[in-house]
Structure formats: structure tokens, C-alpha cells
Number of protein chains: 2
Amino acid sequence: MTSDPQSPPSDHTSPVGFRAHDHDSCVETALAAAEAQCKERGLRMTPVRRKVLEMLLQEHRAMGAYAILDRLREAGFGSQPPVAYRALEFLVKNEFAHKIERLNAFVACSHPGAAHSPAFMICRKCDAVAEAMAATAKGGLGAAARAAGFEIERAVVEAEGLCPDCTEKAQ
Amino acid sequence: MTSDPQSPPSDHTSPVGFRAHDHDSCVETALAAAEAQCKERGLRMTPVRRKVLEMLLQEHRAMGAYAILDRLREAGFGSQPPVAYRALEFLVKNEFAHKIERLNAFVACSHPGAAHSPAFMICRKCDAVAEAMAATAKGGLGAAARAAGFEIERAVVEAEGLCPDCTEKAQ
DNA sequence: ACTTGTCATGTTATTTTATATCATGTATGT
DNA sequence: ACATACATGATATAAAATAACATGACAAGT
Ligand SMILES: [Zn+2]
Ligand SMILES: [Zn+2]
Ligand SMILES: [Zn+2]
Ligand SMILES: [Zn+2]
């Protein structure tokens, strides 16, 4: 399923979300990378899990658990909530995907493998999501945390706004 | 209404930024400030809204909508979800309170009045919440956003970890 | 005082998101 | 083949949030 048949040739640059890129190969690459990771770390990339990851990669935007579930049903997998939630739990725990708290939705990771604390830019118009690496330990929050004696273990950074496309269209 | 009639003189160590402080006066001050703000801005601080804000200030930690609703019922207000959600919507919209997305819960604002983009430190053990001012426009995310052509309008920053108290106890 | 418009509250019902639990199935190591 | 751990499937329920509609309070203008 090609979302954009004639995507520009080699513009596969960093903040993946908002830049044109060869999506098919991007999906395949990421899937292969995930499989490799699983082998390496002794994890099981089962059919449901792979299917969910594939969907998230294809969409390249945040998807709700029940939207995912619908597609799983169509694809012949189990059709009850736990099926989707369990696959998502696996993908999130192992950092193949992330949860966007603000949307109660999920998105494929753009930096698989690399241990990271992600920051997201979420377009409020088209729901596109781009993932950047966040340096939580630095910056104002890190300083505030140290001052307060708070031990940061994990951080959620979600910026909402307009993606380049939607900004243009809004002229 | 004091939730704790014989509260010890100065051991009311609910964490504002995880620091002991005179909570009663902190609540009263904040409530008064909110009322003043409302007058100034032509908003209506009605009984339900005041009660909810008071609860959030008293608790000084994240509270779920349904916990709030329970207390509203006890206090003789309406007992159906919209009652709580509407009061919360008002408080959040006008920045007297914030929603903690990660917890589906709400917390009173620690910097009322000041226009701000908050960042939270949430203790995973005791649920205490401290609010810091975030400089989203600066920092790595701001840079990434500018590079990607993304217009940040609003940002959620939520750090999870251990507060000083819980860190100590964990020795 | 009466009318009108706006905003707030209350209630019912429903939707959306997420888990708990138990039974069954599948891979893996011995 | 057996024991074990892990995955899936299905039923049921919980938790969080909203839609829709009726009623009530209140102020502004007449
Ligand atoms: Zn990632
Ligand atoms: Zn957009
Ligand atoms: Zn605040
Ligand atoms: Zn704590």
C-alpha cells in the first residue's frame, strides 16, 4: 500500500515526520531493523506485533488502539482490545513505538535501536507526528529537577502545533 | 473548610516543588489570587469551580476527575461526570489548573497569573507533582522545530521519577 | 417588572480508552 | 516427549471522557 507513489528520490532526512521521503523503503528498512533487534535481544517479533508495527510505520502518524484493532480484525487477527494493547505494550516497552499521551495514541519510533528519550511534534491539523531526540537531562527542566532533588527517570515531551504543510495551506 | 482540623503547626509537608511549606496559607493565597484574576478578566468563579480549585490546591498532587467528582458529591454538588469535567475545563482553560496527560489527572497551577508553559515533575511513588517553568522555545526541541518548519503552539513536558522524599526512603 | 440572551448546572445516556481474568495455544530447552 | 515460559484469544469490566438536552441563574436592555 503506497501512500505516495511518486515521492521525491532521496530526501530521507532527519525529522522524518514532515519531510517527503521514500516511504515504502522507509517502512521496509524499519521493519527489518526491528526484526534484527529482536533477534539480537531475544525478543519475539510475532505476526500480530509485526503487523501492528507495520501499520504504524505505514501511517506515519499517531493511531489509536481501536483503529489499530479494526485493522487487525480486517487482517484476520483477534478482534478484542487486549490483542491490540498487548502488541502495543510490547512495541512500546522495547522502544519500537511510542505512546503519545496527549492523543492516547501510538506512533512508530523514528530512531529504533538508539536508546533515547523522544520529543514529539504533533500537527493539530493533520495529526502527523515527527520525533526528535530530547535532551531532558540538560535544559531548564534538568536544572530545575536537580535543584529540587528530583530524579528524572523518564520524560514525556509533546509539542502541539502546525506542521510545515499545514502552515503553508493556512496562508 | 480545612480538610485536617488539627493539622500540626508546621509539618504540613505536602510538596510544593517537594518543599515543606505553610499549606493552609498557600491554599488561601492561591484561591484569593484566582478570585482576583477572575474579577479582572470577567470570568465567573462559581461555587463548583472554586470547590474544585480548592481541592486541587489542598491536595497539591494530581487528582483524577472521578476522585474530584466523589468529593463534589460529598460536598453536595452534582454527582455526574460533566460536573467535574466542566469545572476542570474552566480551570485548565484559564490556567488555574493543568492536566497531567500521563496520569489523566489534574493539578492546581503553581504560577497562577503568569502566562506560562509548564513542565512537571511527577513522583511515581507518591504522586506528588511539582511545576516548573519550561522554556520550550529554547532547548533542543525548539531548535528541532525550527529546523523542521514546525510551529510550536503548546507543549506538554512531564518528567516522571522519584521525589526527594521517596528517594530518601528508598535507601 | 418583563423580556431576552448568555452562561452555568444538572441529568441521562453513550462513547472511548484501558485492564483483569481465564482458557488455550505455541515456541523452546531438556 | 515433557516442562516451562511466553503469546494469543475471548469474556467481562473498569476508567476516562463526551454528547445531548432540560433547567436554572443572572445580567442588560426595555
Ligand atoms: Zn523513538
Ligand atoms: Zn499538518
Ligand atoms: Zn501553571
Ligand atoms: Zn514521592
Side-chain angles (χ1 to χ4, degrees), chain A residues 34-35 37-56 62-94 96-107 122 127 156 158, chain B residues 34-35 38-39 41-56 62-94 96-107 122 127 156 158:
Chain A
E35 303 249 20
Q37 276 281 319
C38 283
K39 228 161 233 167
E40 197 177 316
R41 293 152 66 189
L43 305 170
R44 297 195 215 168
M45 180 58 84
T46 65
V48 214
R49 293 168 176 178
R50 176 168 25 245
K51 182 69 189 172
V52 172
L53 179 54
E54 188 190 330
M55 286 171 37
L56 291 175
M63 295 183 78
Y66 285 76
I68 287 167
L69 186 55
D70 285 346
R71 299 249 224 129
L72 284 179
R73 180 186 298 109
E74 285 163 22
F77 293 93
S79 60
Q80 300 308 312
V83 175
Y85 279 103
R86 284 194 289 232
L88 288 166
E89 183 186 27
F90 170 86
L91 294 173
V92 168
K93 184 160 74 181
N94 297 292
F96 299 125
H98 300 289
K99 180 172 186 184
I100 306 290
E101 301 286 350
R102 228 190 99 52
L103 305 177
N104 294 324
F106 302 82
V107 69
I122 308 161
D127 262 11
V156 170
E158 296 174 2
Chain B
E35 302 250 21
C38 283
K39 228 161 231 166
R41 293 153 66 189
L43 306 171
R44 297 196 215 167
M45 180 59 84
T46 64
V48 213
R49 294 168 175 178
R50 176 169 25 246
K51 183 67 191 172
V52 172
L53 179 54
E54 188 190 330
M55 286 171 36
L56 290 175
M63 294 183 79
Y66 284 77
I68 289 167
L69 186 55
D70 285 346
R71 299 249 224 130
L72 284 180
R73 180 186 298 109
E74 285 164 21
F77 293 93
S79 60
Q80 300 308 314
V83 174
Y85 279 103
R86 283 194 289 232
L88 288 166
E89 184 186 27
F90 170 86
L91 294 173
V92 168
K93 186 160 74 181
N94 297 291
F96 298 124
H98 300 290
K99 179 171 185 185
I100 306 289
E101 301 286 351
R102 229 190 99 52
L103 303 178
N104 295 324
F106 301 83
V107 69
I122 308 160
D127 261 9
V156 170
E158 296 173 1

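Every chain is numbered from 1 and lettered A, B, ... according to where its sequence line falls, protein lines coming before strand lines.
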C:dT17 phosphate, OP1 or OP2, under 4.0 Å from B:Asn104 side-chain N/O: no
Specify the residue among B:Gly76 and B:Pro81 whose closest nucleotide of DNA chain C lies further upstream toward the 5′ end. B:Gly76
Counting side-chain heavy atoms from C-beta on, which of C:dT12, C:dT17, D:dT11 comes nearest to A:Tyr85? C:dT17
B:Ser79 side-chain N/O to C:dG10 phosphate OP1/OP2 under 4.0 Å: no
Nucleotide C:dA27, atom P - distance to CE of A:Met45 in whole Å: 16 Å
Nearest heavy-atom neighbours spanning A:Leu103 and A:Ala62: CD1-CB, 3.9 Å
Do B:Met63 and B:Phe106 make a side-chain contact, defined as non-hydrogen atoms from C-beta onward lying under 4.5 Å apart? no
note: B:Arg86, atom CZ; C:dG10, atom C1'; distance rounded to Å ~ 7 Å
Where the side chain of A:Val48 is defined as all heavy atoms beyond and including C-beta, which of C:dG10, D:dT8, D:dA16 is the nearest nucleotide? D:dT8
Tell me, with the steps shown, if B:Met45 and B:Leu53 meet side chain to side chain contact (heavy atoms under 4.5 Å, CB included). CA-CA 10 Å; B:Met45 180 59 84; B:Leu53 179 54; 3.9 Å; yes
Rounded to whole Å, CZ of A:Arg73 lies from C1' of D:dT8 at a distance of 16 Å
Protein-nucleotide distance (B:Phe106, atom CZ; D:dA17, atom C1'), rounded to Å: 9 Å
Nearest to the A:Lys99 side chain among C:dA13, C:dA18, D:dA16, which nucleotide is it? C:dA18
Return whichever of B:Pro82 or B:Arg49 has its heavy-atom-nearest nucleotide of DNA chain C closer to the 5' end. B:Arg49
Output yes when B:Glu101 and A:Arg102 qualify as a salt bridge under the 4.0 Å nitrogen-oxygen rule, no when they do not. yes
For the side chain of A:Arg44, counting heavy atoms from C-beta on, which of C:dA27, D:dT8, C:dT11 is nearest? C:dA27
Could you state the atom-to-atom distance from CG of B:Leu91 to P of C:dA8 in whole Å? 12 Å
Could you tell me whether the side-chain ring of A:Tyr66 sits stacked on the base of C:dT16, using a centroid cut-off under 5.5 Å and a plane angle under 30°? no
What is the distance, to the nearest angstrom, from the CG atom on A:Leu69 to the P atom on C:dA18? 12 Å
Side chain to side chain contact (heavy atoms under 4.5 Å, CB included) assessment of B:Ile100 paired with B:Glu158: CA-CA 8 Å; B:Ile100 306 289; B:Glu158 296 173 1; 3.9 Å; yes
Separation of C:dC22 atom P from A:Gln80 atom CD, nearest Å, is 18 Å
Please give, in whole Å, the distance from D:dT8 C1' to A:Glu89 CD? 13 Å
